[in-house]
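Atom set for the values below is all heavy atoms of this structure, side chains included, hydrogens, waters and symmetry mates excluded. Fair warning: this is a prediction, and the values are worked out from it, not measured in the lab.
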Amino acid sequence: MAKAQQLKPAFFARSVHRVAPELIGATLLVDGVGGVIAEVEAYHHTDPAAHSFGGQTERNAVMFGPPGFAYVYRSYGIHWCLNFVCEPEGSASAVLIRAIEPTEGLAVMRRRRGLKEERLLCSGPGRLAQALGVTHAKHNAKRLDRAPFQILARESKPELVAGPRIGISKAIELPWRYGIKGSHYLSKPFPI
DNA sequence: TATGAGATCAACT
DNA sequence: GTTGATCTCATAC
């Protein structure tokens with residue numbers, strides 16, 4: 001744990017399509033609780049499925065800000081979802097963190113989720129946010145290289161798979177979902 | 001195993 | 001009034 005490099009804002013200030021696959025295998029911790037990122041999705045402002053498509057609103061304002069910040073939004077009225085803002089300021093692109101493999105703070109996550117099934121702790125954006133204690137009030141528009149966030153660069157490159165994104169109705173054909181091949185912690189298996 | 005509804009709120013038409 | 005980057009539980013096969 002001590003050797004790993006903390007990811008800097010410069011890491012995020014590049015194309016989401018470079019950042020997203022490189023985040024797979026990195027370690028995400030919030031207040032020391034979290035694990036290895038197993039699944040993400042890329043969203044770009046030219047993408048009809050992105051919140052930032054069609055201009056800035058109060059909700060997505062942080063997506064239009066500088067990279068290396070957290071964008072937390074409410075999904076279906078009840079869940080929180082965690083995104084990392086990418087690309088130079090104004091590009092309004094982000095990576096949605098969809099699943100992690102829990103490694104740190106298992107007991108805390110189980111308590112917050114009310115589950116003992118480890119595989120289900122963080123396999124989905126809403127579950128992940130709940131397990132890590134991420135909320136709009138506490139984490140939206142916060143820097144990713146400052147407490148309580150810790151994002152550690154991966155030390156080896158996992159085998160990647162890509163595929164269509166999940167839960168959207170526009171631009172469903174874009175293969176901008178990335179994951180660790182064969183991981184048991186994916187929110188849904190990737191089509192072969 | 002598979003499908004369906006409910007929860008619950010902000011943006012959008 | 002409808003929809004959405006979702007999850008859980010109930011009911012049906």
Using atom types as modelled, flag every donor-acceptor pair under 3.5 Å from a side chain in residues 123-136 of chain A to any protein atom, sequence neighbours excluded.
unit_1: A:S123; atom_1: OG; unit_2: A:R119; atom_2: O; d: 3.1
unit_1: A:S123; atom_1: OG; unit_2: A:R127; atom_2: NH1; d: 3.2
unit_1: A:R127; atom_1: NH1; unit_2: A:S123; atom_2: O; d: 2.8
unit_1: A:Q130; atom_1: OE1; unit_2: A:R113; atom_2: NH1; d: 3.0
unit_1: A:Q130; atom_1: NE2; unit_2: A:R112; atom_2: O; d: 3.1
unit_1: A:T135; atom_1: OG1; unit_2: A:K138; atom_2: N; d: 3.1
unit_1: A:H136; atom_1: NE2; unit_2: A:N140; atom_2: ND2; d: 3.3

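- Mapping heavy-atom proximity under 4.0 Å, the span of DNA chain B touched by chain A runs 5' to 3' from B:dA7 to B:dC12.
- Residues A:L152 and A:F84 do not share a hydrophobic cluster, clusters being chains of Ile/Leu/Val/Met/Phe/Trp/Tyr side chains in contact below 4.5 Å.
- Put simply, the side chain of A:P148 does not reach to within 4.5 Å of the side chain of A:K142, judged on heavy atoms.
- Contact check of residues 67-91 of chain A against DNA chain B (heavy atom, cut-off under 4.0 Å) returns A:R74, A:Y76, A:G77, A:I78.
- For B:dT13 and C:dA5, the P atoms lie 13 Å apart once the distance is rounded to whole Å.
- Contact check for A:L23 versus A:L28: no side-chain heavy atoms found under the 4.5 Å cut-off.
- Residues A:Y178 and A:V36 fall within the same hydrophobic cluster, defined by Ile, Leu, Val, Met, Phe, Trp and Tyr side chains chained together at heavy-atom separations under 4.5 Å.
- Within the 4.5 Å cutoff, no side-chain heavy atoms of A:L144 are placed close to those of A:F11.
- Residues A:C86 and A:R14 form no side-chain contact, since every pair of their non-hydrogen atoms from C-beta on lies 4.5 Å or further apart.
- Listed by chain and number, the residues in a salt bridge (charged side-chain N to carboxylate O under 4.0 Å, His left out) with A:E159 are A:K181 (sequence neighbours excluded).
- Taking Ile, Leu, Val, Met, Phe, Trp and Tyr as hydrophobic and joining them when side-chain heavy atoms fall under 4.5 Å apart, one finds A:V85 in a cluster with A:Y43, A:V62, A:M63, A:F64, A:F69, A:Y71, A:Y73, A:L96, A:I168, A:I172.
- With sequence neighbours left out, A:P48 forms a side-chain contact (heavy atoms from CB on, under 4.5 Å) with A:F53, A:K170, A:A171.
- Side chains of A:R177 and A:K188 form a contact here, defined as non-hydrogen atoms less than 4.5 Å apart.
- Straight-line distance between the C1' atoms of B:dA10 and C:dT8: roughly 22 Å, to the nearest whole Å.
- Heavy-atom contacts from other residues, nucleotides or ligands closer than 6.0 Å to CD of A:E58 number 12 or fewer.
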Practice problem: Could you provide the dot-bracket string of DNA chain C, using ( ) for intrastrand pairs, [ ] for crossing pairs and | for bases paired to another strand, with Watson-Crick or G-U pairs below 3.5 Å? | Solution: ||||.|||||||.
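- A heavy atom lying under 4.0 Å from DNA chain C marks the following residues of residues 161-179 of chain A, by number: A:I166, A:G167, A:I168, A:S169.
- In terms of the side-chain contact (heavy atoms from CB on, under 4.5 Å) criterion, A:P189 has no residue partners (sequence neighbours excluded).
- Listed by residue number, the members of residues 48-61 of chain A with any heavy atom below 4.0 angstrom from DNA chain B are A:T57, A:R59.
- Listed by first and then second residue, the side-chain hydrogen bond (donor to acceptor under 3.5 Å, both in side chains) pairs involving residues 74-90 of chain A are A:E87-A:S91 (not counting sequence neighbours).
- A nucleotide of DNA chain C counts as in contact with chain A when one of its atoms lies under 4.0 Å from a heavy atom; the first and last such, 5' to 3', are C:dG4 to C:dT8.
- Within the 4.5 Å cutoff, no side-chain heavy atoms of A:D31 are placed close to those of A:V108.
- The side-chain heavy atoms of A:R143 and A:P9, taken from C-beta on, include a pair separated by under 4.5 Å.
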Practice problem: Given side-chain hydrogen bond (donor to acceptor under 3.5 Å, both in side chains), test A:Y185 with A:E39 step by step and report yes or no. | Solution: CA-CA 8 Å; A:Y185 295 91; A:E39 183 186 345; over 6 Å; no
